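Structure record follows, encoded as structure tokens.
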Amino acid sequence: MDFPELWAIFGPGVSGAVFGAGWWFWVDAVVCSSVKVSFLHYLPGIFASLAALMFNCVRKEDIDYSPYDEGEWRLKLWLFIAYVVSFVSLAASVGLLIQDALGKSGPSAWTGVAGVLQCVFVLISGLIYWTSHSES
């Protein structure tokens, strides 16, 4: 078996493990936090999961990379929105990390670090699944 066949077999499992690890970091931070974590801190991870789902709604085979063909503009727009949502969720998690690190009354800095790790791992898992999943 060559690498693309192995990647098609094991890629979704690796993607699920990375997704679970991202959420595990977040759950660990919320459970170990000494103060109540506000719902605002949950939003970057939720939106990162939504962006990963948006990535996986598009098949690689449906995208035509020709600059002159306008047939797949909806797919390209959908992927652009997914990238925007993913980068905004990552930026929000970094912003909350900075807020948690500088503030004395809020959650600890570990909650902010776990939020960033959660977003990074969830988005990586979406891209792993998207690259490994192919039409059989």
Side-chain angles (χ1 to χ4, degrees):
M1 296 180 93
D2 56 344
F3 182 73
E5 290 176 1
L6 286 174
W7 187 242
I9 293 170
F10 294 112
V14 171
S15 172
V18 172
F19 185 88
W23 275 96
W24 179 83
F25 278 121
W26 178 247
V27 169
D28 178 64
V30 171
V31 169
C32 295
S33 178
S34 60
V35 297
K36 184 177 184 288
V37 179
S38 68
F39 182 71
L40 181 67
H41 284 75
Y42 286 83
L43 290 178
I46 292 170
F47 280 108
S49 299
L50 177 68
L53 178 68
M54 290 172 71
F55 285 130
N56 293 315
C57 287
V58 177
R59 293 185 329 193
K60 289 188 303 185
E61 295 83 16
D62 291 341
I63 299 174
D64 182 20
Y65 294 103
S66 171
Y68 302 109
D69 188 19
E70 297 182 13
E72 290 84 20
W73 68 271
R74 288 183 188 99
L75 292 176
K76 292 175 184 176
L77 178 65
W78 183 259
L79 284 176
F80 175 74
I81 292 171
Y83 277 112
V84 168
V85 170
S86 66
F87 288 128
V88 166
S89 67
L90 187 59
S93 67
V94 170
L96 288 171
L97 166 64
I98 293 170
Q99 177 186 352
D100 292 344
L102 296 178
K104 300 288 185 198
S105 62
S108 67
W110 166 238
T111 305
V113 171
V116 172
L117 288 174
Q118 176 196 23
C119 285
V120 168
F121 279 27
V122 166
L123 295 173
I124 288 173
S125 76
L127 293 176
I128 288 173
Y129 184 78
W130 192 66
T131 58
S132 68
H133 189 50
S134 62
E135 187 78 15
S136 298

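Note that the coordinates shown come from a computational prediction; the quantities given were computed from them, not determined experimentally.
The list of side chain to side chain donor-acceptor pair (under 3.5 Å) pairs with a residue in residues 83-93, not counting sequence neighbours, is empty.
Looking at residues two or more places apart in sequence or on another chain, you find no side chain to side chain donor-acceptor pair (under 3.5 Å) involving N56. Remark: A92 engages P44 in a side-chain contact (heavy atoms from CB on, under 4.5 Å) (not counting sequence neighbours). F10 is linked by a ring pair (Phe, Tyr, Trp, His ring centres under 6.0 Å) to nothing, counting only residues two or more places apart in sequence or in another chain. For the side chain to side chain donor-acceptor pair (under 3.5 Å) test, residues two or more places apart in sequence or in another chain that qualify with S49 are W23.
Atom CD1 of I46 sits about 4.5 Å away from atom CZ of F39, to the nearest 0.5 Å. Interatomic distance, F55 CZ to I81 CD1, rounded to the nearest 0.5 Å: 11.5 Å. In this structure, Q99 CD and H41 NE2 are separated by 5.5 Å, a value rounded to the nearest 0.5 Å. Between the CG atom of L6 and the OG atom of S132 there is a distance of 12.0 Å, given to the nearest 0.5 Å.
Alongside V88, the hydrophobic cluster contains F80, V84 (criterion: ILVMFWY side chains under 4.5 Å). Side-chain contacts under 4.5 Å among hydrophobic residues (ILVMFWY), followed directly or transitively, place V113 together with F3, W7, V14, V18, W24, F25, L90, V94, L97, I98, L102, W110, V116, L117, V120, F121, I124, I128. When hydrophobic residues (I, L, V, M, F, W, Y) are linked wherever their side-chain heavy atoms come within less than 4.5 Å, the members clustered with V27 are V31.
Closest approach of A52 to V122, counting heavy atoms only: CB-O, 3.9 Å. Listed here is the closest heavy atom pair of W130 and L79: CZ2-CD1, 4.5 Å. The minimum heavy-atom distance linking M54 with W78 is given by the pair O-NE1, 2.9 Å. Minimum interatomic distance between L40 and L96 (heavy atoms only, all atoms of both residues): O-CD1, 3.8 Å.
In terms of modelled atom types and a separation under 3.5 Å, the side chain of S33 and the main chain of A29 share no donor-acceptor contact.
Within 6.0 Å of CZ on F19 lie more than 12 heavy atoms contributed by other residues, nucleotides or ligands.
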